[in-house]
*Asks:* 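First the structure, then my questions, so here it is.
Bear in mind that the values here come from a model prediction, so they are computed numbers and not experimental data. Each residue takes its place number in the sequence, starting with 1.
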Amino acid sequence: MEIIIAIASKIGECLVTPIGTEFGYLIHYHSNLESLRGEIKKLFDKRDGVQRLVDAAKRNGEIIKPDVQSWLKNVNDDLVKKVLQFEEEISKKRRGVYRWSLSRRAYKITQHVLQLQNEGRYENVAHPAPPPEIWSTFKKGFQDFKSRMANMNEVIKGLKREEVRMIGICGMGGVGKTTMVKEIIVRLAKLDLFDKIVMATVSQSPSIRMIQSEIADKIGLKFEEESEPGRALKLHGRLMEIKRILIVLDDVWTEPDFEAIGLPSADAHKGCKVLLTSRDWEVCNRMGSQPIIAVPTLTTEESQELFREMVGESFHDPDLRSIAKDVVKECGGLPIAIVTVGKALEKKNKREWDDALNQLRNSTPVNIPGVNDKVYSSIKWSYDRLESDEARSCLLLCCLFPEDYDIPIEYLVRYGWGRGYFSSIVTLEDARNRVHSLVDQLKRRFLLLDGGMSETTKMHDIVRDVAISIASRDPHRFLVRSHAENKEWPNLATYDTISLVGDLEIPVGCPKLELLQTMNGRFSKGSMDIICKAMKELKVLALVGMEMEDLGSSRSPGVLKNLRTLILDGSHFDGMSTDVFGPLENLEILSFRDCYYMHELPSEIGRLKQLRLLDTTNCKNLKVIPHGIFSSLCRLEELYMMGSFDKWDLGTGREDKRMASISEVMSLSDHLKVLSIELPPNFIHLLPKDVVLKSPTIKFAIGSTKMLSEMFSEMFSEMTTYAFRNSLIIDEGDARELESQAVRLLLKKSEDLFLCKVKNFSVLTDLDQEGFQDLKYLTLEHCPNTEYLANGTSVTQQTPFPHIQSASQLPNSFLTNLRFLRLFNCDVLKYAFSLSAARNLVQLEELDIGDCDQMEEIVSKQGREHEKEADIIYFNKVTKLSLWYLQSLVGFFQANKLYSNQEETTARVEHQSAGIFEKAIFPSKCISWFPSLEEVRLTYMKFEGMLFDLKIHIVMDGQTSPTFPQLRKLEISRCKFTHLWKNIPSGFQGFQNLRYLYVSGCSGLDYVFSHLIASELLNLEEVDISECRAMETIVRIREENEEEATKYMILFPRLNRFKLVDLRRLSSFCPAGSTFQWSSTKNMHVYGCQKLKTLGAVIPQRKKLENKSEKDSTSHDFSTDGCGCIPYSRRNAQRPIEILPRLINQEVTPTNLEDSNDDDNLENLSVIDCNSMEVIFQLKGPKHEESSHSVEAFKKLRSLRLDTLPSLTRVWETGSSQPMFAGSSFGNLKWLRVYRCNQLKYLFSSSIVKLLVSVEDIKVTNCEQMEEIVAAEEETAEIITLPKVKSIKLKSLPKLKYFCGEAYTLKLPSLELLKVINVQDLRPFDSKLVDTHNPRLQVKPAFRQEWTSDDENEDDESMWWMKTSNTID
């Protein structure tokens, strides 16, 4: 009995808890639902925060982490779907009987929501994107002269050879070595010889630190180490990780120290090669370059061709033709000389040409190492022919900077102003405009080049050498010296300009010195005393990027009465030396830009009565500016403070403790020309209401940029340049505070307006009743009360401004200059523009709208507007459109009804039958609005309908006008479209320039293209389709169009990259009778397409030569039974081989296609996780071909990866007839990987393996049924050779017995490594079966007839290794 009671008690315990739990679901029905609502709201708030971080990261070009993407997908897709289904359940099952199950479900979903909340705690959502490939920054400019092509081909050929480690390119300065190297890099990128190519300029005065930084930037490496050895160690380690890397060292004068830089030696890194350029053959030879390629001068014909291109039409003038030949001769075949002289002579008369020839002939060259006399003469002549002393002075200032340096044009302005180069110019702004004009002039003469950053320029090293030579002589007397030059100081008594780079002591004895620049060195204690004692005539002092112990004392600078420009940019100046600046009574320009250590602006600056420019841009730690400094600067023209001080005073408290105030700054506005200041968030109250910017032409950037620097870095960087637009950034505020005269003037004059978290304004036009005539860039973000941008048709309404009433008619000038519009998180905004407002947007170029929950249309018909106004709207300049998170959007514009045919003077709109109204993002009414649109991005749209409704198309002068003729890029992500294109009329033309298509997470699409659209996309280069769970095919043909569609159709002839990922229902690429021209594709990746059985068949089609005249060139005989695809055909096209979607066992009759296939471009193919995949390629010979038939295919295929294909039985399937693939078929295949293909019994047939003449690396693992690598087709003795195979790795192949059948002899003359892991039954190779033909090939001494059973240590000597060293006994 006790036992029974104990059992019953235990059963009771087990029952009570679950019963109580289940009963609790019923009791807590309402609280569980409320809890779910609350937790979902918290989750969505967290999601919005994460999404904002993601958006900011994307704008900064960063890569989003996979776990963040997965989390957002789980929230936005999976959870939302689950909750929507639950809501539907609740609406259907509200009776009490269902409450238990609903409450239980609510509880379970809440637990899931809490889990997602916990997972969504991300500190970082992204990581920096890899740096762009080096060749992407090169400008086109290479002339493929015959003399150059031979050199280039020799270099590329040498780099392909394994034994070559370093190649030298030598030649005199100006011969074009660097230009050639850049073109070689561009061509190497297409050959895929290297995983990474980096380039650094060494120069005559090499800086190890700079070379390290250049290389590190190219590989995305960030240094934390300060010392050069520490940086070298880190760089060396990173370079060793890159399997194939080319290091290009440009302009090498002496052998660089590889170890000090961190470059690996040839012995340490077999995959590292070096390409260097030098003016000295001996340098290349001493470094061990092999080969060394000398670049000759241009031939006479090449020189004349280049000169003709430079001088233009003048070359064909009969009076100048004979002179031209003599001028070209004087240039000595040197491209830089020809270019500089040619540009200087463009559009000049005969007398000037005669004078040029005379000057070139009589020029007195100087001895510049590595610079040919004729180069010097030509550049010196171009310099002499500049139109003004200002231009010549500007060019000479450029030679003060290090070689290959991005020279800030603003430095040329400030140096030139300090030297007094612009005697007739009154303001700094005029001087700046003049310098920019001079730089453009010098670029047109090819004496200067474009810089790598905004507002910079560069100088070719040869031009710099010549400029230094010119500047070093009277009347200029420049000295340019680097720490790398171990030279004695010359007599400095006559020099007026000195530039020092690196750790160099300040020289003494320079009584005439007017400009001293020191860069990237150490400004030691007492240096200022030296300057003051030795350089009393100094006008410009620039200490750039200097480490500083002390700037000096008040006794020192007092003697620098002539100093007009003082620059401390990027130096370690803390601002505490407050007695340095006061004595500089004639100082006009003072710059502290990028002084991160600066905490306080010295109060002594208030004594600088002549100061015209003060710059503290990006002094991020500047916290103190004493009150009264700005009000004392009575001549200040330009104030730059963006990204620095923002602790502005409100005018309260003790005066001796107060900070600078905005009122002080505004008091200068009668003479202020440029005002760029940082303000804190919610700063409107700091602006004085009774003071305005008095100068009508003032240029300003005012606002809080902290949020910009985090989320819109590109916009922030523009605002910290010296060419910014008039900008106002308001981060947090109340529109009712914007009523002051000062703010209204700023709003009226703004070209760039950023309003974030500004509440209490519903209509943008309330902020400027004249319609923002000057506005070019507008951003509204998190403005909670903004209902529309303009209310141009409604009656007068209440506004937050009692003195301003909204006009009932829209201002004619409303946003007429707007170029860019960004609308984010404006929750009550229902549309962006009325029809009336849209008509004004004639300059709009880019539209970016997102996260506006209530937005239904972008353009909307309002009030008394007539819908016919839509017929005259054209966004002629819009090139980019982004729409995202617009959950209520029903279309770009929704017409109330479709109109009947109507004729106009220039164009008419043709309508198809109206039918039932269908929803579209781009409805037919607005299809013609975007003639210049180039890029469309749509993300996270709940809209269920079509993207493009093509029911209407435009006919101009009897010809169909193409739709979206300029669209190049279409990106669609996480949208619910049912069709991308629909209602396509007969004869449709459009989208012919589309290059890139990306579709991801669109669950409503069951196909991508209709055949009518697909046939238009002749320029499509990249297709990326992923996570579209309902997608069954890529191209679909409607039955009624099938005969017409298949007659002459070719699909995507220029496709370069094709990627299909996670398309669970995809069963075919295209239907019967049509053809993707897969062979034009370079890279193809198929992943997670579970129903796809084959990629396609390669069908050689060749017409017998003797019957060539019997058939018309367009006649075809196709077999189209089943669902496969046949070889493509087009009018008058003759192609023999294509890779085609096609069912197994389908045959095709021969057609009249040629032997060659110029479009056979497939290089890389990977097929992964496709459960139904049975055959990758079907190589079938036509039934009726003669036995001698042979064809080439896959000639460029380099790599093949097959992974997790459980149904794969054959990689290549061939027909019953004799092998027809020969020649170079598969002749470039180098890399083969096969993993987890459990039905695959063999990898190659013997007929295929014979074609693999380039294969180097084979790896096969985890294939349970694999019996042999090479399957015998005939039991006859035969020799099989794989001439280039270096590595074979076989792992976990339980049934593998033979590498190839016993009847075959296998030759592996290049084999270096064979690993066999966990393959128990494989018969080891012996000397009879392994004919290596390599007397140096030996099995390691540890070689035994035994095998390893696992791969815990793949270097274990019990594995089977073969290494090149001695011979097999």
Side-chain angles (χ1 to χ4, degrees), residues 205 393-394 396-402 405 407-408 410-421 467-468 471-472 475-483 485 487-553 556-573 577 580-581 583-584 586-593 595 613 615:
S205 306
S393 297
C394 183
L396 296 186
L397 284 177
C398 291
C399 76
L400 299 177
F401 297 88
Y405 191 78
I407 304 165
E410 185 65 18
Y411 278 19
L412 306 181
V413 176
R414 297 177 184 185
Y415 290 5
W417 182 272
R419 293 293 295 269
Y421 288 165
I468 289 174
S472 65
H476 312 290
R477 304 299 291 169
F478 280 33
L479 176 67
V480 181
R481 182 66 61 87
S482 164
H483 71 282
E485 300 174 63
K487 297 179 181 178
E488 295 286 335
W489 289 111
N491 182 358
L492 301 176
T494 59
Y495 283 93
D496 63 14
T497 302
I498 292 179
S499 174
L500 308 175
V501 180
D503 291 323
L504 292 169
E505 293 293 328
I506 302 296
V508 296
C510 312
K512 294 186 177 181
L513 197 67
E514 295 186 0
L515 187 154
L516 173 63
Q517 172 184 269
T518 66
M519 300 180 71
N520 305 327
R522 187 174 185 82
F523 195 74
S524 58
K525 191 171 184 178
S527 295
M528 183 60 82
D529 290 332
I530 295 175
I531 290 172
C532 295
K533 290 175 184 177
M535 309 172 190
K536 295 181 180 179
E537 298 300 316
L538 202 62
K539 295 179 179 179
V540 177
L541 175 59
L543 310 176
V544 181
M546 301 291 289
E547 295 182 17
M548 290 185 171
E549 295 178 11
D550 183 22
L551 193 55
S553 65
S556 302
V559 298
L560 298 179
K561 302 293 185 183
N562 295 311
L563 193 67
R564 299 177 70 193
T565 296
L566 174 58
I567 293 175
L568 301 172
D569 292 1
S571 293
H572 293 193
F573 174 69
S577 302
V580 173
F581 304 96
L584 303 175
N586 290 309
L587 194 67
E588 298 185 23
I589 294 175
L590 177 58
S591 179
F592 301 100
R593 184 185 178 102
C595 287
L613 182 152
D615 190 349

*Asks:* Find the distance between CE (Met548) and CG (Leu543) and round it off to the nearest 0.5 Å.
*Replies:* 4.5 Å
*Asks:* Where do Leu613 and Trp417 land on the side-chain contact (heavy atoms from CB on, under 4.5 Å) test, with the steps shown first?
*Replies:* CA-CA 11 Å; Leu613 182 152; Trp417 182 272; over 6 Å; no
*Asks:* Report the residues that fulfil side chain to side chain contact (heavy atoms under 4.5 Å, CB included) with Leu590, sequence neighbours left out, ordered by chain and then residue number.
*Replies:* Leu566, Phe581, Leu587, Phe592, Ile605, Leu608, Leu611, Leu614
*Asks:* List for me each residue that meets side chain to side chain contact (heavy atoms under 4.5 Å, CB included) alongside Pro490, sequence neighbours excluded, and say none if there are none.
*Replies:* Leu479, Arg481, Leu492, Tyr495
*Asks:* Does any part of the side chain of Tyr411, heavy atoms only, come nearer than 4.5 Å to the side chain of Val544, both counted from C-beta?
*Replies:* yes
*Asks:* Do you know the tightest heavy-atom contact between Met535 and Leu560?
*Replies:* O-CD2, 3.5 Å
*Asks:* How close do Pro402 and Val501 get, heavy atom to heavy atom, and via which atoms?
*Replies:* CG-CG2, 3.9 Å
*Asks:* Search all heavy atoms of Cys394 against all heavy atoms of Leu412 and return the closest pair with its distance.
*Replies:* SG-CD1, 3.9 Å
*Asks:* Which heavy atom of Cys595 sits nearest a heavy atom of Phe573, and at what distance?
*Replies:* CB-O, 4.3 Å
*Asks:* Go through the structure and list residues passing ring pair (Phe, Tyr, Trp, His ring centres under 6.0 Å) with Phe401, not counting sequence neighbours.
*Replies:* Tyr405
*Asks:* Could you state the interatomic distance from CD1 (Ile531) to CG (Leu516), rounded to the nearest 0.5 Å?
*Replies:* 5.5 Å
*Asks:* In Å, rounded to the nearest 0.5 Å, how long is the span from CE of Met519 to CG of Leu500?
*Replies:* 11.0 Å
*Asks:* On a heavy-atom basis, which atom in Leu504 and which in Ser482 lie closest, and how many Å separate them?
*Replies:* CD1-C, 3.7 Å
*Asks:* For the residue pair Arg419 and Thr497, confirm or rule out a side-chain donor-acceptor distance under 3.5 Å.
*Replies:* yes
*Asks:* So, using side chain to side chain donor-acceptor pair (under 3.5 Å) as the criterion, who are the partners of Thr565 when residues are at least two apart?
*Replies:* none
*Asks:* Once side chain to side chain donor-acceptor pair (under 3.5 Å) is applied, what residue pairs with a partner in residues 500-512 remain, sequence neighbours excluded?
*Replies:* none
*Asks:* Please enumerate all residues that pass side chain to side chain contact (heavy atoms under 4.5 Å, CB included) together with Ser591, with sequence neighbours excluded.
*Replies:* Arg414, Ile567, Asp569, Arg593, Asp615
*Asks:* Which heavy atom of Ile498 sits nearest a heavy atom of Pro507, and at what distance?
*Replies:* CD1-CG, 4.2 Å
*Asks:* For the CZ atom of Arg564 and the CD1 atom of Ile589, what is their distance to the nearest 0.5 Å?
*Replies:* 8.0 Å
*Asks:* Which pairs pass salt bridge (Lys or Arg N to Asp or Glu O under 4.0 Å) with one or both residues in residues 532-546, sequence neighbours excluded?
*Replies:* Glu514-Lys539
*Asks:* State the CG-CG distance between Asn586 and Leu563, to the nearest 0.5 angstrom.
*Replies:* 9.0 Å
*Asks:* Mind checking what makes side chain to side chain donor-acceptor pair (under 3.5 Å) contact with Ser499, not counting sequence neighbours?
*Replies:* Gln517
*Asks:* Does Leu400 reach the side chain of Val480, with side-chain heavy atoms less than 4.5 Å apart?
*Replies:* yes
*Asks:* Nearest 0.5 Å please: distance from the NE2 atom of His572 over to the CZ atom of Phe523.
*Replies:* 14.0 Å
